[in-house]
Amino acid sequence: MPVKAYDLTGRTAFITGAASGIGRASAVLLAEAGATVHCADRDAQGLDETAGLVERQGGTAHLHTLDVSDRTQVADAVAAAAATSPGGTLDVMAAVAGIMHSSPVLETRDEDLDRVLAVNFKGIVYACQEGARTMIAAGTRGSIVTMASGAVDTGGPGLLCYGAAKAAVVQLTKTLATEMGPHGIRVNAVAPGWIRTPMTSRHDADAQAHTEALMVRMAPLGRVGEPEDVAQAVLHLASDAAAFTTGQILRPNGGVAMPW
Ligand code: NAP
């Protein structure tokens, strides 16, 4: 690691959603920066593949198969991760796991709202709570990174459930940042633009190509994002390079949205 502030050697990171896409890329990059990574997801096979990527570059990955919307499962996994770390703590919690949902407001059912809020909002609340409690108990000046979305900056048809959950993640991030500051714990959100992952590739090929072409036209940088673009933002916020940054939203989005 050429820049010391990005060196995570000796640190322990817990990453949800680590079996795929942005979570996987984040786990691999944090491990490359020196962290021992605890990878959590409901997809056990995907977790194995992530572990293979981490270990191929000489890193150490521990795997936790869980549902982030189940508070007990999250608490148990975080406790197990802290118990295996040298200081009995976590230095980084990256709450990345999420699902996509699109339906017009007038067709949105209670079960859609409940499912998306359970995973995309409560799942991130639970990870933040367990991560923060663990850091406070050990006196660790850690970093919590949440995963919001560019959906918080723009309206869009079909985005009621997903966008509302992500807006709630931003509010969680700012609130928790104010409460954790006195403990020396930083809390920041990442709000990516369109990133090419399994989540955004579940459409048919024509719809995929159409959406990507639109995103490319909208982006000053003239391309869609890759998971590694977001992982770099996660690493930045997780590391000492962001030591004076808390309560902020970092937007790896190619310039599609430029809020104040
Ligand atoms: P992805 O490739 O689908 O990865 C998400 C991972 O989270 C998957 O392995 C998924 O498992 C897992 N997961 C979903 N629900 C879970 C649950 N209840 N418990 C445990 N694991 C669960 O998606 P991604 O694009 O990397 O997205 C990662 C995060 O970035 C999400 O929060 C997403 O909203 C956010 N984001 C993505 C984009 C984008 O353009 N891709 C843009 C902005 C924000 P399954 O495969 O079994 O569902």
Side-chain angles (χ1 to χ4, degrees), residues 1-41 46-66 68 74 77-97 124 127-128 130-147 173 180 183-190 192 226-246 250 252:
M1 222 349 98
V3 178
K4 196 168 176 299
Y6 286 97
D7 186 357
L8 300 183
T9 302
R11 302 198 193 172
T12 302
F14 192 102
I15 303 107
T16 74
S20 178
I22 292 167
R24 167 179 288 171
S26 300
V28 171
L29 190 64
L30 294 181
E32 189 184 334
T36 295
V37 291
H38 287 262
C39 302
D41 203 289
L47 283 177
D48 282 339
E49 290 166 20
T50 301
L53 294 171
V54 169
E55 284 156 11
R56 210 166 302 153
Q57 61 183 18
T60 303
H62 301 272
L63 307 184
H64 307 269
T65 305
L66 54 73
V68 294
V74 174
V78 169
T84 61
S85 87
T89 189
L90 294 182
D91 301 282
V92 178
M93 167 59 77
V96 177
I124 291 193
C128 286
E130 296 308 325
R133 286 184 183 127
T134 304
M135 291 171 189
I136 291 170
T140 304
R141 300 173 75 82
S143 170
I144 296 174
V145 182
T146 63
M147 197 52 57
T173 303
M180 291 301 112
H183 298 282
I185 298 168
R186 298 179 295 102
V187 190
N188 293 285
V190 180
E226 300 295 337
E228 291 71 23
D229 292 314
V230 186
Q232 293 287 353
V234 172
L235 171 61
H236 175 71
L237 294 172
S239 75
D240 294 348
F244 196 48
T245 302
T246 198
L250 186 52

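Along the sequence shown, residues carry numbers from 1.
The minimum heavy-atom distance linking Thr173 with Ala189 is given by the pair CG2-N, 3.5 Å. Scanning all heavy atoms of the two residues, the minimum distance from Ala138 to Gly87 falls at CB-O, 4.4 Å. For the residue pair Tyr6 and Ala33, the shortest heavy atom distance occurs at O-CB, 3.5 Å. When all heavy atoms of Ala19 and Asp41 are compared, the pair lying nearest together is N-OD2, 3.1 Å. Closest of all the heavy-atom pairs between Ala27 and Val37 is O-CG1, 3.6 Å. What you find for Glu55 and Ala61 is that their closest heavy atoms are OE2-O, 4.0 Å.
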Between Asp91 and Leu8, is a side-chain contact (heavy atoms from CB on, under 4.5 Å) present by the stated rule, with each step listed?
CA-CA 9 Å; Asp91 301 282; Leu8 300 183; over 6 Å; no

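For the side-chain hydrogen bond (donor to acceptor under 3.5 Å, both in side chains) condition, the pairs that include at least one residue of residues 11-29, sequence neighbours left out, are Arg11-Asp240, Arg24-Glu49, Arg24-Thr50. Pairs passing the salt bridge (charged side-chain N to carboxylate O under 4.0 Å, His left out) check and including a residue from residues 226-238, sequence neighbours excluded, read Arg196-Glu226, Arg223-Asp229.
Annotation: side chain of Leu235 is in contact with side chain of Leu30 (closest heavy-atom distance under 4.5 Å). Met135 places a side-chain heavy atom less than 4.5 Å from the side chain of Met93. Within the 4.5 Å cutoff, the side chain of Thr245 has heavy atoms near those of the Asn188 side chain. The closest side-chain heavy-atom distance from Arg186 to Phe244 is not below 4.5 Å. Counting heavy atoms from C-beta on, the side chains of Leu90 and Thr140 never come closer than 4.5 Å.
A search for salt bridge (Lys or Arg N to Asp or Glu O under 4.0 Å) contacts involving Arg133 returns Glu130, not counting sequence neighbours. Ser239 is linked by a side-chain hydrogen bond (donor to acceptor under 3.5 Å, both in side chains) to nothing, counting only residues two or more places apart in sequence or in another chain. Partners of Thr36 according to the side-chain hydrogen bond (donor to acceptor under 3.5 Å, both in side chains) rule, which considers only residues two or more places apart in sequence or in another chain, do not exist here. With sequence neighbours excluded, the residues forming a ring-ring contact (aromatic ring centres under 6.0 Å, His included) with His62 are His38, listed by chain and number.
Here the side chain of Thr246 pairs a donor or acceptor atom with the backbone of Val187 at under 3.5 angstrom. Side-chain N or O atoms of Glu32 include none that pairs as donor or acceptor with a backbone N or O of Gln57 at under 3.5 Å.
To the nearest 0.5 Å, atom OG1 of residue Thr89 and atom CZ of residue Arg141 are 13.0 Å apart. Note that the CG atom of Leu47 and the CD1 atom of Ile15 stand 10.5 Å from one another [nearest 0.5 Å]. Interatomic distance, NE2 of His236 versus OG of Ser143, reported as 9.5 Å (0.5 Å rounding).
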